[in-house]
Amino acid sequence: MPTHCTFSAEIGRQPLNRKLLQQRCDTLLHLLKLERAEVSVVFLGDAEMAAYNEQYRKKQGPTNVLSFPAAGGDDGFAPPENELGDILVSVDTARREAGREGHSLHHRLTELIIHGMLHLIGYDHERSEAEALRMWDYEKELFQQIQTARSVAMPYLAINVDHVATVRQARGGAEPDPVLAASLCELAGADGIVVHLREDRRHIQDRDVRLLRQTVKTRLNLEMANVPEIVDIALEVGPDMITLVPEKRKELTTEGGLDVLANAKKVGKTIGKMRKAGIPVSIFVDPDAAQVQAALDAGATYVELHTGRYCEARTMEEQEREFHLIEQMAELAYESGLRVNAGHGLDYRNVHPIAALPFIDELSIGHAVISRAVLVGLENAVREMLAIVRAVG
Ligand code: PXP
């Protein structure tokens, strides 16, 4: 491993995504074409940082980052050629700075690692204003590249076929069949199929879920309320994942995210049962930091961020505000170790910015695709959506 990340005991209990930080350090060396170099990055607290700051710079108090390029010691021994040196980062200071700048902790830590690394390879903003600007520009460019080095080249597209069943239920017959529709979506390139088995069975029926389990070749995501009857069906059928959503009898469609904070115990219990059965759980949440944290605490594997308010925004300013919130929450969830899906209300016009977010694994889209399918055919409707989503890769 080219980067050796160490986490001091002083920050022992702080929630840090160590794997992500290690990954980002390694990506940085790769971007700098220094794969063979060895760097040590130490994450510590303010007290230790203040001690180093005093010892090596004769300055009082902590600082955010210190770099020590590898150099020969007093003993005359030169360091190995590929050893770059050490970077010390104060997590406490980074946290304060992140709060001030409205960024996540891992965002700020990544900026500081980049800053420290550029110092190690010879950049110095204190030498001249021109160099400070050059270093600043390069830092921004590297940050952008690290952030967009996503695990999947583009998000997966899962199609929700509930509304095929809505049309069928309008006459109470057998046509159109959501099971057949799901196969057509897959043939057109969809990466997954989503159905919501509601307690009132207004569209998807038990028979659909059972048949889909047998026919879906990609991934079957069962959307459901956290109620015993549906939990039992999920455990029996064994979808590839479930998504817990709130459900109200009178709503036209799912109206808001699940209040995980208020239902933590019940949600945790269901996650425990699903874990035993090997079924990953996603929780549909509003883009809200407390709900994301509660989903993490409850043991969810994914959160699906509710994009409804972004999609329904009536002004550009409102849409931008909602988008920024989704962007921040996607980053926060990803950095805390959750996988991130998004959906609700996405259509051919508003999907692109959401699909382009680097932290989104999968988009769940139903109404827009099924509506368009009535006019252009289901496979065309899926392909047109895929063309937009895949364009971000
Ligand atoms: N995600 C969740 C959790 C949903 O409840 C729904 C609606 O069933 C969707 C995504 C898809 O929303 P839409 O049909 O508006 O694309």
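Hydrogens, waters and symmetry mates play no part in the numbers below; they use all other heavy atoms, side chains included. Just follow the structure's listing: the first ligand is 1, and inside any ligand the first atom is 1.
Near His367, with a cut-off below 4.0 Å to any heavy atom, the atoms of ligand 1 are 13 (P), 14 (O), 16 (O). Per-residue contacts place Val245 under 4.0 angstrom from the following atoms of ligand 1 (heavy atoms of the residue considered): 3 (C). Close contacts of ligand 1 with Asn160, meaning ligand atoms under 4.0 Å from a residue heavy atom, involve 8 (O). Near Phe284, meaning under 4.0 Å from any of its heavy atoms, are these atoms of ligand 1: 3 (C). Taking a cut-off of under 4.0 Å to the non-hydrogen atoms of Ser364, the atoms of ligand 1 that pass are 1 (N), 10 (C), 11 (C).
Taking the six-membered ring for Trp and thresholds of 30 and 60 degrees, His115 and His119 have ring planes more than 60 degrees apart, a perpendicular arrangement.
For the residues Met224, Arg198, Glu304, the heavy atom positioned nearest atom 10 (C) of ligand 1 is part of Glu304.
Remark: the Asp297 side chain and the Gln293 side chain contain an N/O donor-acceptor pair separated by less than 3.5 Å. If you check the side chains of His107 and Thr110, you find no donor sitting under 3.5 Å from an acceptor. Using modelled atom types and a 3.5 Å distance limit, the side chains of Asp86 and Ser40 yield a donor-acceptor pair.
Residue His196 places every heavy atom at 4.0 Å or more from ligand 1. Residue contact annotation: Thr243 has no non-hydrogen atom under 4.0 Å from ligand 1. Using 4.0 Å as the threshold, Gly345 has a heavy atom nearer than that to some atom of ligand 1.
Residue-to-ligand polar distances place Gly366 within reach of ligand 1: an N/O pair is separated by less than 3.5 Å. Below 3.5 Å of separation, one finds no N or O of His163 facing any N or O of ligand 1.
With sequence neighbours excluded, no residue satisfies side-chain hydrogen bond (donor to acceptor under 3.5 Å, both in side chains) with Thr307.
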| field | Criterion side chain to side chain contact (heavy atoms under 4.5 Å, CB included) on Leu112 and Thr93, from CA distance to verdict | value | CA-CA 10 Å; Leu112 294 175; Thr93 303; over 6 Å; no
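Residue pairs meeting the side-chain hydrogen bond (donor to acceptor under 3.5 Å, both in side chains) criterion with at least one member in residues 280-290: none, sequence neighbours excluded.
If you look at Glu223 next to ligand 1, the close heavy atoms, those under 4.0 Å, all belong to the side chain.
Of all the heavy atoms in Glu318 and Arg314, the pair that sits closest is OE1-N, 3.1 Å.
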